[in-house]
There are 2 protein chains.
Amino acid sequence: MLSDGRRQVVDFYLAGETFGFEVSRTHSFFAEAMVATSTRTHCLADNTGTQPELLGLALHGMLRAQEHILVIGRQTAMERVAGFLLDMSDRQGGLKHFDLPMSRLDIADYLGLTIETVSRVFAKLRASGLIKLRSIRCVEIIEKTALRGLCA
Amino acid sequence: MLSDGRRQVVDFYLAGETFGFEVSRTHSFFAEAMVATSTRTHCLADNTGTQPELLGLALHGMLRAQEHILVIGRQTAMERVAGFLLDMSDRQGGLKHFDLPMSRLDIADYLGLTIETVSRVFAKLRASGLIKLRSIRCVEIIEKTALRGLCA
DNA sequence: CGTGTGCTTGATATCAGTCAATGATTGTGG
DNA sequence: CCACAATCATTGACTGATATCAAGCACACG
């Protein structure tokens, strides 16, 4: 977050995913639970046996972060939202429909947009028949290929 | 890069810094040398002795990437450029003046802006007396505190 | 029911992008 | 050594995508 309240969501984590490793003793980020959640903590200095796994996680996190920099730095609102929906769909098993566990504000802060813009893009996608909004938090992807075409 | 040529520079690396680790066999990024450069390659599977060091580097890279997400997602052009100049200054030893090894296009693609916007912000900073442009690639920071105040 | 929160939609503003012209610097060949 | 071309940077005029401001809607909850 910035001092004046502007917020950036760095990533969303689904069940079973690991997060929160930081080098410095003073942490720069915080996490919020969107749904009922329980966590397991790991200790870095524990035993060296877990280190190789940790390296993979760190590298994966860095990759995701760097890819997200491209999204936020260079893509339009439409491209960001389309890519986000496909990512969420894939990460929940690629089913036809899936739930968004987070609010519009969280999505906006993740994509570097405002809630209004996110809402408008959703509306446009629905109007052009690419998605359906079964409920406010449940999305159904109708035209996956077309949606992919919007991601640049 | 995106298929249509839009480019995002993920980070700049100065002498002595390590870059290029990716998990997947198919790499997503590439590097370009801005100045005369020589590199040393490290092999991941080499020996486990280097692993703890690597973990630190990966975590550091992830931290930097995530902080950059905040910059690109939520800061104005002025804030981005001011922060960039301070970062470059610090990383080159915090001297009064320092060289920018990269072109305006590289800076723009790093900050998620266009060359024109970068140029205009430079002009504005110079006009308000916060920096001097000794040459096109050499910046002198006159009012460091004021510059810091612009970063939000 | 009323209230509150989150979402959508519309009207307008603004920051940064685009397009275009001009300047500065560097390198090349005559 | 100079003219020329090429590249990079600056500056201006205008446009446009997204933000901001504001109103209305819908669902959940007491």
Side-chain angles (χ1 to χ4, degrees), chain A residues 2 4-9 32 34-36 70-85 99-128 131-140 150-152, chain B residues 2 4-9 32 34-36 70-85 99-128 131-140 150-152:
Chain A
L2 297 172
D4 61 0
R6 279 175 288 175
R7 188 181 74 144
Q8 178 66 44
V9 171
E32 273 179 47
M34 313 306 317
V35 298
L70 174 60
V71 171
I72 286 183
R74 289 294 175 222
Q75 296 197 159
T76 65
M78 178 60 82
E79 290 166 346
R80 297 183 210 191
V81 172
F84 168 73
L85 289 176
D99 280 321
L100 297 173
M102 70 292 284
S103 70
R104 297 288 190 269
L105 181 60
D106 293 322
I107 298 174
D109 284 347
Y110 174 64
L111 297 175
L113 301 169
T114 59
I115 32 175
E116 292 95 331
T117 300
V118 171
S119 191
R120 274 185 253 268
V121 173
F122 271 56
K124 194 171 280 185
L125 286 173
R126 200 186 40 192
S128 45
I131 65 169
K132 253 183 206 157
L133 292 177
R134 292 195 177 187
S135 80
I136 219 150
R137 295 278 185 105
C138 181
V139 179
E140 180 180 343
L150 291 177
C151 295
Chain B
L2 297 173
D4 61 359
R6 280 175 288 175
R7 188 181 73 145
Q8 178 66 45
V9 171
E32 273 178 48
M34 315 305 317
V35 299
L70 173 60
V71 171
I72 286 182
R74 288 296 175 220
Q75 295 197 160
T76 65
M78 178 60 83
E79 290 165 346
R80 296 183 211 192
V81 172
F84 169 72
L85 289 175
D99 279 322
L100 297 173
M102 70 292 283
S103 70
R104 296 288 190 270
L105 181 61
D106 293 323
I107 298 174
D109 284 346
Y110 174 63
L111 298 176
L113 301 169
T114 59
I115 31 175
E116 291 95 331
T117 300
V118 171
S119 193
R120 275 184 253 269
V121 173
F122 271 56
K124 194 171 279 183
L125 287 173
R126 201 186 41 191
S128 45
I131 65 169
K132 252 182 204 159
L133 292 177
R134 292 195 177 185
S135 79
I136 219 151
R137 295 277 185 105
C138 181
V139 179
E140 181 181 343
L150 291 176
C151 296

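Chain letters run A, B, ... following the sequence lines, proteins first, then strands; residues in each count from 1.
Distance alone, capped at 3.5 Å, is enough to place a donor-acceptor pair between the A:R80 side chain and the A:L111 backbone.
A:M102 has its CE atom 16 Å from the C1' atom of C:dC7, to the nearest Å. Per the geometry, CG belonging to A:L133 stands 14 Å off C1' belonging to C:dT9, to the nearest Å. Atom pair A:R104:CZ and C:dT5:P shows a separation of 19 Å (rounding to whole Å applied). Note: CG (A:L100) to P (C:dC7) measures 10 Å, nearest angstrom. Taking atom CD1 on B:I107 and atom P on C:dA16, their separation rounds to 16 Å, with Å as the unit. Straight-line distance from the CD1 atom of B:I115 to the P atom of C:dT18: 10 Å, rounded to whole Å. The separation between A:D109 atom CG and C:dG6 atom C1' is 14 Å, rounded to whole Å.
Ranking C:dT18, C:dA16, C:dG10 by closeness to the B:R120 side chain, first place goes to C:dT18. Side chain of A:R137, nearest nucleotide from C:dA11, C:dG17, C:dC7: C:dC7.
Place A:R74 and A:E116 on DNA chain C by their nearest nucleotides, and A:E116 ends up nearer the 5' end.
A salt bridge links B:R7 to B:D106: at least one charged side-chain nitrogen sits closer than 4.0 Å to a carboxylate oxygen.
A:L113 comes within 4.0 angstrom of sugar-phosphate atoms only, judged by non-hydrogen atoms across all strands, and of no base. Using a 4.0 Å heavy-atom cutoff across all strands shown, B:R80 reaches no nucleic acid atom at all.
For A:C138 against A:D99, the heavy-atom pair with the smallest separation is CB-OD1, 3.4 Å.
Contact annotation: B:T117 does not reach the phosphate of C:dA16 (side-chain N/O to OP1 or OP2, under 4.0 Å). Contact annotation: A:R126 side-chain N/O to C:dT9 OP1/OP2 distance is under 4.0 Å. Residue B:T114 places at least one side-chain N or O under 4.0 Å from the OP1 or OP2 atom of C:dG17.
Side-chain contact between A:K124 and A:R120 is absent, with no heavy atoms from C-beta onward closer than 4.5 Å. Side-chain contact check for B:R104 versus B:I136: some heavy-atom pair is nearer than 4.5 Å. For the pair A:R74 and B:D109, the minimum side-chain heavy-atom distance is below 4.5 Å. The shortest distance between side-chain heavy atoms of B:F84 and B:L100 falls below 4.5 Å.
On the nucleic acid side, DNA chain D contacts chain B at distances under 4.0 Å to non-hydrogen atoms, with the end points of that region at D:dA9 to D:dA13.
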